[in-house]
Enquirer: 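After the structure tokens below, expect a handful of questions from me.
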Amino acid sequence: MKHNVVVIGSLNYDILVQQDRLPEIGETFTGNELMLMPGGKGANQAVQCARLGLNVNMVGCVGNDIYGAELIKSLNENGVSVDKISQRGKTSGIGIVQILESGDYCSTIIKGANYLIAEDDINADLFIDRPLVILQSEIPDRLVERAITLARQHDCKILLNNAPARDISAQALSQVDFLVVNETEASFMSAGPVTSVREALTCAESLHQRVKDRVIITLGEKGAVLSGDEGARHFPAVFCPDVVDTTGAGDSFIGGLAYCLVNRLPLEEGIPFAAEISSCSIQKYGGQSSFPMLPDVAHALTQNHQRLFG
Ligand code: RIB
């Protein structure tokens with residue numbers, strides 16, 4: 001199979017707790033519901049790409065535990081190629097996710113085997129004749145930077161989701177074609193507040209000076225902004241009356257962007273499409289389990305581009 005997307009990143013087994021509020025320090029609080037699901041930003045993004053019909057190869061590492069096997073199984077079931085996933089060490093990456101009544105969440109990740117990916121796992125072959133590599137920041141920084149260098153050498157476009165936000169060298173960042181971050185990550189990278197659309201537009205324009213092509217800042221219910229050579233522009237969110245859980249919404253958004261990039265659709269169309277996808281994902285619990293398939297969201301492509309789907 002000829003892969004058109006390579007995802008290099010994390011696989012976490014997610015422990016999701018639905019609870020009315022976060023506990024205070026020293027307080028024992030009773031949650032409402034427990035859910036166990038495959039997640040991790042890398043695996044989530046790979047699954048959303050595959051559900052949209054892209055041929056995806058994932059590079060990553062899980063532990064020799066029951067979670068590792070489940071994480072590989074989920075990728076397999078979704079049609080993601082797993083021959084570059086290794087099983088090393090005792091424990092897989094784990095995500096502990098607390099979901100509040102509003103659907104907002106906060107999470108703590110345990111690195112586990114995500115930090116056992118080796119330099120040799122990321123080699124030049126991955127990038128030859130591949131239109132797009134997707135990276136996040138849940139694996140060691142030096143490996144993200146290695147992937148950026150090799151991808152650039154092989155003319156493979158680079159989408160970096162700098163989540164959770166990390167310092168990335170100016171040199172590596174300047175090679176990134178598409179930087180995608182949320183408000184918190186954008187604020188970390190620019191050292192300024194990003195709490196409004198206006199601040200996000202300003203921040204995106206400033207981050208745009210540091211990357212090769214475009215910057216996208218996602219803003220939850222406030223939509224997203226895009227900055228490129230032509231300036232910065234705001235895109236509204238898709239209204240969603242029944243928000244259940246926003247876990248993985250950013251990952252499904254990135255899957256939508258990847259679909260448009262691989263199919264050479266303009267980002268001006270890609271962002272509303274990606275917003276439709278993430279609005280579907282927040283109507284159910286979990287990451288991968290909540291992600292839509294292409295037929296569920298094809299209506300959000302313009303008629304001109306629905307031919308891709310047919
Ligand atoms: O983006 C959501 C993901 O972030 C969760 O699946 C969790 O594992 C963390 O990686």
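Just the heavy atoms: all of them, side chains too, but no hydrogens, waters or symmetry mates, feed the values below. Every number for a ligand or one of its atoms is a count from 1 in the order of the listing.
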Enquirer: Do the side chains of R142 and E119 get close enough for a salt bridge, i.e. N-O under 4.0 angstrom?
Expert: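 Looking at R142 and E119, the cut-off is met.
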
Enquirer: Which residue and non-hydrogen atom of the protein lie closest to atom 8 (O) of ligand 1, and at what distance in Å?
Expert: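 Closest protein heavy atom to atom 8 (O) of ligand 1: D14 OD1, 2.6 Å.
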
Enquirer: If the cut-off is 4.0 Å to any non-hydrogen atom of D251, which atoms of ligand 1 fall inside it?
Expert: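 Contacts of ligand 1 toward D251, numbered from 1: 1 (O), 2 (C), 3 (C).
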
Enquirer: For atom 9 (C) of ligand 1, what's the nearest protein heavy atom and its distance?
Expert: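 Of every protein heavy atom, E138 OE2, 3.5 Å lies nearest to atom 9 (C) of ligand 1.
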
Enquirer: Restricting to non-hydrogen atoms, name the atom on L150 and the atom on F127 that form the minimum distance, rounded to 0.1 Å.
Expert: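 Scanning both residues, the minimum pair turns out to be CB-CE1, 3.5 Å.
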
Enquirer: When you check the gap from the basic side-chain N to the acidic O, do E27 and R21 get nearer than 4.0 Å?
Expert: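 Looking at E27 and R21, the cut-off is met.
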
Enquirer: In terms of atom number and element, which parts of ligand 1 are under 4.0 angstrom from non-hydrogen atoms of G39?
Expert: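 Answer, ordered by atom number: 6 (O).
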
Enquirer: Evaluate salt bridge (Lys or Arg N to Asp or Glu O under 4.0 Å) for E268 paired with R214, printing each intermediate quantity in order.
Expert: CA-CA 11 Å; E268 287 70 13; R214 306 282 192 94; 3.7 Å; yes

Enquirer: Would you say S10 and ligand 1 have an N/O pair spaced under 3.5 Å apart?
Expert: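 No, there is no polar N/O contact under 3.5 Å.
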
Enquirer: Do other residues, nucleotides or ligands put more than 12 heavy atoms under 6.0 Å from the CG atom of N123?
Expert: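 Counting other residues, nucleotides and ligands, CG of N123 exceeds 12 neighbours.
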
Enquirer: If you measure from CD1 on I109 to OG on S10, what distance do you get to the nearest 0.5 Å?
Expert: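 OG of S10 is found 6.5 Å from CD1 of I109.
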
Enquirer: Which is it for I109 and ligand 1 at heavy atoms under 4.0 Å: side chain, backbone, both or neither?
Expert: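 Only the side chain of I109 comes within reach of ligand 1.
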
Enquirer: Check whether any heavy atom of G250 sits under 4.0 Å from an atom of ligand 1.
Expert: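 Per 4.0 Å heavy-atom rule, G250 does not contact ligand 1.
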
Enquirer: Which value, rounded to the nearest 0.5 Å, describes the distance between I216 atom CD1 and L267 atom CG?
Expert: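 Nearest 0.5 Å value for the CD1-CG distance: 5.0 Å.
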
Enquirer: Touching ligand 1 at all, G248? Heavy atoms, strictly under 4.0 Å?
Expert: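 It does; at least one heavy atom falls under 4.0 Å.
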
Enquirer: For atom 4 (O) of ligand 1, which protein heavy atom lies nearest, and how many Å away is it?
Expert: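 Ranked first by proximity to atom 4 (O) of ligand 1 is K41 NZ, 3.1 Å.
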
Enquirer: Check whether any N or O atom of N44, backbone or side chain, sits under 3.5 Å from an N or O atom of ligand 1, and answer yes or no.
Expert: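 Indeed, backbone or side chain, N44 has an N or O that close.
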
